[in-house]
Amino acid sequence: MKKMNSKKSNGDKSFRKTEKLRKNYQFQKVYKQGKSLATKNTVMFIRKNFKGCNRLGVSISKKVGKSVVRHRLKRLYIEAFRNLKANIVKSGFDIVIIGRKGAGSMTYSEVFSEIKGLMSWGKLLK
RNA sequence: UGAGUAAACUGGGCAGCCGCGAGAGCAUUGAUGCUUUCGAGGAAAGUCCGAGCUCCGCAGGGCAGGGUGCUGGGUAACGCCCAGUGGGGGCGACCCUAAGGAUAGUGCCACAGAAAGAAACCGCCUUUUCUGGAGCUUCUAGAAGCUCUAGAAAAGGUAAGGGUGCAACGGUGCGGUAAGAGCGCACCAGGGGUCAGGUGACUGGCUCGCUAGGUAAACCCCACCCGGAGCAAGACUGAAUAGGAGGGAGAUGAUGUUGCCCGCUGAAUCCCUCGGGUAUGAGUCGCUGGAGAUGCCAGGCAACUGGCGUCCUAGAUAGAUGGCUGCUACUCUAUUUUUAGGAGUACAGAACUCGGCUUACAGGUUUGCUCAUAUA
RNA sequence: CGGGGCGUAGCGCAGUUUGGCAGCGCGCUUGGUUCGGGACCAAGAGGCCGCGGGUUCAAAUCCCGCCGCUCCGA
């Protein structure tokens with residue numbers, strides 16, 4: 001992965017405001033109509049949005065830890081999503097990632113492999 | 001050198017790549033794109049105090065209610081800070097201290113103890129009466145009187161003693177007395193008066209025998225302070241506390257103004273329930289230049305204040321500070337004893353802004369002072 | 001941002017107003033009863049009263065500062 005990142009040729013690794021889920025109703029739609037996948041530390045909801053781009057929302061409950069722990073975990077999820085964007089084949093999906101109770105102690109490599117596994121389970125990766 | 005005490009600072013470093021937010025400039029109808037600059041803390045935390053700012057039919061009165069509580073300063077203000085005073089702890093440097101009033105009143109002080117607050121009880125002493133015993137004297141020879149002693153009753157004196165208890169009516173000693181008592185004296189503890197010093201808390205001297213427990217972080221009294229709500233405050237726009245339906249209250253006063261009353265205000269209003277979601281399931285402003293930071297000089301023991309110069313240092317809104325790599329610093333671990341490998345890097349994330357307090361904090365640096373030991 | 005409630009035995013709760021013995025029910029242990037078990041009877045163990053200070057002779061209770069859980073309102 002890291003070697004691929006250093007190449008120039010692969011796609012956009014940015015993460016802009018338009019790729020974020022920002023409103024509560026957007027989250028509620030994904031919860032109600034989406035498909036859910038779960039591991040021990042992470043839950044992922046996936047729903048088609050018919051808009052031609054993939055959007056991400058992250059939600060971490062207060063049970064995970066203090067403010068520093070929650071904030072750091074959210075950044076790790078976004079970083080993992082950003083580094084996996086080039087490998088996503090399908091587009092037009094809303095994705096919501098939820099951190100569960102033990103997720104606060106994970107490192108970046110654990111988060112990355114967890115998100116990668118969930119995405120390939122959801123058939124978003126090639 | 002070791003132990004301790006007080007205070008200040010730091011909060012891994014350097015380089016590279018990818019990514020995020022904001023400002024400015026350029027391009028662009030715009031969304032955006034490019035360049036460049038800046039981008040978490042000492043506690044940003046807890047939300048415990050104090051203010052600025054904004055609104056509430058001006059902020060008026062009374063009663064409640066709340067807070068503070070040695071003195072003097074500082075400050076925009078404070079429950080904060082500084083300098084002192086008293087008390088307590090430590091050999092010491094130093095630390096802790098809600099520290100006004102207990103003769104304004106009320107309450108409480110379990111168990112024990114005579115008694116937990118001003119009085120009774122036991123006891124001690126004196127006098128009188130009665131009863132018993134011993135001794136002496138008189139004499140009519142078994143009675144009287146006197147002295148001593150034991151017991152009971154009555155009248156009085158006293159607060160020394162009473163195994164308790166956290167606490168017992170100032171303490172110890174000598175004198176004194178029928179027995180006793182600050183009744184008198186010496187020393188000690190406290191209190192009143194007066195004089196001196198100090199702005200003051202208070203300290204020191206002299207003098208008065210003046211000495212009725214503790215608890216006010218129990219009610220309370222005294223002195224001082226407090227209008228309420230909070231940036232989801234509030235303002236603006238292109239309908240913007242939208243516009244609707246049903247029920248109820250309302251000039252006999254709704255509503256608002258802290259709880260209550262008075263006073264003020266004064267109605268297409270107010271309260272409840274249901275349903276609805278607009279052009280973007282709103283946006284912009286408030287939103288960061290301020291009791292700002294820093295250097296020098298002056299005043300002050302200090303907190304702090306004044307003058308001059310320099311600087312601009314986060315402004316998000318599902319909420320920007322992250323990830324990876326290399327070298328290095330520190331800690332841990334197993335192998336090895338020399339290097340290499342692995343894991344980890346304190347507490348913790350701005351949300352209107354300041355001044356404080358409290359709490360959390362791996363490791364490191366510096367300075368002042370104290371004690372002990374050694375050497376000179 | 002503002003406000004309220006609760007932390008006591010393994011579990012569910014009293015006691016806090018008015019300071020002085022830490023209690024109740026279920027559960028647990030031992031013994032009895034029964035052929036055995038349950039039920040019943042008798043005895044017993046189990047507590048830093050969330051944590052740290054302070055006031056007081058004495059604190060679960062009063063005061064101050066923290067920690068955790070939980071519920072409202074805008």
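Naming: A, B, ... by sequence-line order, numbering from 1 per chain.
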Original post:
Under 3.5 Å, side chain of A:Asn54 to main-chain N/O of A:Gly92, donor-acceptor pair present?
Top reply: yes

Subject >> side chain to side chain donor-acceptor pair (under 3.5 Å): pairs with one or both residues in residues 33-42 of chain A, sequence neighbours excluded >> reply: A:Gln33-A:Arg47, A:Thr39-A:Glu114, A:Thr42-A:Tyr77, A:Thr42-A:Glu114

Original post:
Out of B:rA318, B:rG19, B:rG344, which nucleotide sits closest to the side chain of A:Arg82?
Top reply: B:rG19

Original post:
Where the side chain of A:Ser67 is concerned, which of B:rA318, B:rC324, B:rG349 is the nearest nucleotide?
Top reply: B:rG349

**OP:** Mind checking A:Ile78 for me? I need base, sugar-phosphate or nothing, with any heavy atom below 4.0 Å counting as a touch.
**Re:** nothing

What's the [atom1]-[atom2] distance between [X] and [N], to the nearest Å?
X: A:Ile60; N: B:rG322; atom1: CD1; atom2: C1'; answer: 13 Å
X: A:Glu19; N: B:rU32; atom1: CD; atom2: P; answer: 12 Å
X: A:Ile97; N: B:rA318; atom1: CD1; atom2: C1'; answer: 14 Å

Taking pairing as Watson-Crick or G-U wobble with both contacts under 3.5 Å, can you name the mate of [N], or confirm there isn't one?
N: B:rU5; answer: B:rG368
N: B:rA76; answer: none
N: B:rG161; answer: B:rC122
N: B:rC20; answer: B:rG39
N: B:rA186; answer: B:rU172

Subject >> Face-to-face contact A:Phe15 to B:rG19 six-ring, under 5.5 Å, under 30° >> reply: no

If you compare every side-chain N and O of [X] against the phosphate oxygens of [N] (OP1, OP2), does one of them come in below 4.0 Å?
X: A:Arg72; N: B:rG323; answer: yes
X: A:Arg75; N: B:rU321; answer: yes
X: A:Lys74; N: B:rG319; answer: yes
X: A:Lys20; N: B:rG319; answer: yes
X: A:His71; N: B:rG319; answer: no
X: A:Lys66; N: B:rG349; answer: no

Original post:
Taking side chain as C-beta onward, heavy atoms only, is A:Leu124 less than 4.5 Å from A:Phe93?
Top reply: yes

Subject >> Pairwise side-chain contact, A:Ile78 with A:Leu76, heavy-atom cut-off 4.5 Å (strictly under) >> reply: no

**OP:** Answer yes if A:Phe27 and A:Ile46 sit in the same cluster of Ile, Leu, Val, Met, Phe, Trp and Tyr residues linked by side chain heavy atoms under 4.5 Å apart, and no otherwise.
**Re:** no

